[in-house]
Asks: 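Sharing a structure, written as structure tokens. Questions coming.
Per chain, numbering begins at 1; letters A, B, ... match sequence-line order.
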Protein chains: 2
Amino acid sequence: MLSNSSKYALKAVLYLGINSSEEKKVLSKEISDRTNIPKAYLSKILQPLSRHHIVSSVRGPGGGFYLSKENRAVPLIDIIHIIDGDHRLTSCLLSLKECNAEHPCPLHDLVGDTKVRFVKNLEGTTVEDLVADIEAGRSFLPL
Amino acid sequence: MLSNSSKYALKAVLYLGINSSEEKKVLSKEISDRTNIPKAYLSKILQPLSRHHIVSSVRGPGGGFYLSKENRAVPLIDIIHIIDGDHRLTSCLLSLKECNAEHPCPLHDLVGDTKVRFVKNLEGTTVEDLVADIEAGRSFLPL
DNA sequence: TCTTTTTTATGATATTTATCATATTCTAGG
DNA sequence: CCTAGAATATGATAAATATCATAAAAAAGA
């Protein structure tokens with residue numbers, strides 16, 4: 001469903017959503033320590049996120065990672081697409097190119113709209129939505 | 001979601017569902033040729049399926065693989081469990097051990113019951129159900 | 001401009017998954 | 001009981017993913 005890497009990406013972004021701001025930047029080492037994501041691996045994941053403006057970063061002393069207002073408005077699906085590409089989530093259960101609603105593979109109706117709805121949820125939910133849930137105690141920050 | 005191996009397993013079982021019977025056994029080579037599953041890899045997948053009585057097999061001249069009446073009544077989830085284990089399908093989206101409905105991770109409600117329902121469908125659907133769909137033209141056999 | 005702090009980039013290793021190859025066991029038939 | 005046809009078992013290789021390590025670039029401050 002999701003690769004390890006995109007799970008880590010989501011965790012890291014959520015950590016920044018809760019613990020960072022333009023004024024309070026966070027070191028990758030801190031994210032790594034608190035979330036138990038291996039340090040060097042995390043760095044490799046943060047790079048494309050930074051390049052694609054999912055997270056913000058400044059280097060040098062006093063630098064670090066943080067989420068800007070714009071970053072917080074990013075839909076979750078973008079994070080997954082950047083890390084996993086856009087095929088992994090949407091492809092047919094049997095990885096058949098020719099499978100669709102009009103010409104369904106045998107498993108097609110077993111997933112039915114469930115996967116479609118899940119993807120729609122990922123498109124319609126932003127980072128700040130999840131941060132709000134965590135801050136309201138409706139879910140917990142994965143550490 | 002599903003490993004390559006369990007996709008192959010499902011395809012192979014469906015091929016047998018359509019093309020085999022107690023009287024008409026099928027060589028692994030034929031399955032491989034028709035479904036484009038690599039021959040040696042397919043053999044490795046058929047072995048645990050045979051051991052767990054998901055498919056039937058006899059060796060020696062005139063032998064091969066086939067589905068018995070009992071094999072056809074096997075729910076799909078069994079095939080996936082044998083190949084992938086039972087964690088891959090049911091685990092939390094972020095692979096968090098502590099995630100559940102009362103203590104949900106931030107993504108929990110995005111999947112919501114959709115995954116639960118999918119698994120229920122896999123439990124409630126048998127090989128013969130899918131074979132019937134294919135034979136009735138409601139879906140196609142993946143070749 | 002030098003040093004330190006931090007991200008960014010690149011490359012190396014390890015682990016898992018997928019694939020290939022071959023030897024072994026079983027069974028039917030001559 | 002010998003031979004050939006098949007599944008079964010085991011081990012080797014390749015490719016993808018995850019992880020580790022280090023060097024380079026940028027930015028701030030002295």
Asks: Take A:Tyr8 and B:Val26, find for each the nucleotide of DNA chain D with the closest heavy atom, and name the residue whose nucleotide sits nearer the 5' end.
Replies: B:Val26
Asks: Nearest whole Å is fine: how far is C:dT5 C1' from A:Glu30 CD?
Replies: 15 Å
Asks: Taking atom types as they are modelled, is there a donor-acceptor pair under 3.5 Å from the base of C:dT5 to the side chain of A:Arg59?
Replies: no
Asks: Given A:Ile37 and A:Lys11, is the side-chain contact (heavy atoms from CB on, under 4.5 Å) satisfied, shown in steps?
Replies: CA-CA 9 Å; A:Ile37 302 172; A:Lys11 285 188 193 179; 4.2 Å; yes
Asks: Can you check whether B:Ser3 has a side-chain N or O nearer than 4.0 Å to OP1 or OP2 of C:dT17?
Replies: no
Asks: Show the numbers, then the answer: is there a side-chain contact (heavy atoms from CB on, under 4.5 Å) between B:Arg72 and B:Thr126?
Replies: CA-CA 7 Å; B:Arg72 291 171 188 270; B:Thr126 66; over 6 Å; no
Asks: Between P on C:dT6 and CG on A:Asp33, what's the gap in Å once rounded to a whole number?
Replies: 13 Å
Asks: Which of these nucleotides, D:dC20, D:dT8, D:dA18, is closest to any side-chain atom of B:Ser50?
Replies: D:dT8
Asks: Can you measure A:Tyr41 atom OH to C:dT8 atom P for me and round it to whole angstrom units?
Replies: 18 Å
Asks: Rounding to a whole Å, what distance do you find between A:Ile37:CD1 and D:dA18:P?
Replies: 13 Å
Asks: Describe the nucleic acid contact of A:Leu27 in one word from base, sugar-phosphate, nothing, applying a heavy-atom distance below 4.0 Å.
Replies: sugar-phosphate
Asks: Can you tell me if the side-chain N/O atoms of A:Ser43 get under 4.0 Å from OP1 or OP2 in C:dT7?
Replies: no
Asks: Can you check the A:Lys24 NZ to C:dT6 P distance for me, whole Å?
Replies: 14 Å
Asks: Side-chain N or O of A:Ser57 less than 4.0 angstrom from OP1 or OP2 on C:dT8?
Replies: yes
Asks: Any donor-acceptor pair under 3.5 Å between the side chain of B:Gln47 and the base of D:dA7?
Replies: no
Asks: Look at the side chain of A:Thr35 and the backbone N and O of A:Leu143, then say whether any donor-acceptor pair between them is shorter than 3.5 Å.
Replies: no
Asks: Whole angstroms only, please: what is the NZ-P distance between A:Lys39 and D:dC20?
Replies: 10 Å
Asks: Both A:Lys44 and A:Gly63 contact DNA chain C. Taking the nearest nucleotide for each, which residue is further toward the 5' end?
Replies: A:Gly63
Asks: Whole-Å distance between C:dA21 P and B:Leu42 CG?
Replies: 15 Å
Asks: If we ignore hydrogens and angles and just use 3.5 Å, is the side chain of A:Asn121 paired with the main-chain N or O of B:Leu110 as donor and acceptor?
Replies: yes
Asks: Does any donor atom in the side chain of B:Ser32 or B:Tyr41 lie under 3.5 Å from an acceptor atom in the other side chain?
Replies: no
Asks: With distance as the sole criterion, do the side chain of A:Lys29 and the base of C:dT6 form a donor-acceptor contact below 3.5 Å?
Replies: no
Asks: Specify the separation, in whole Å, of atom CG of B:Asn4 and atom C1' of D:dA14.
Replies: 14 Å
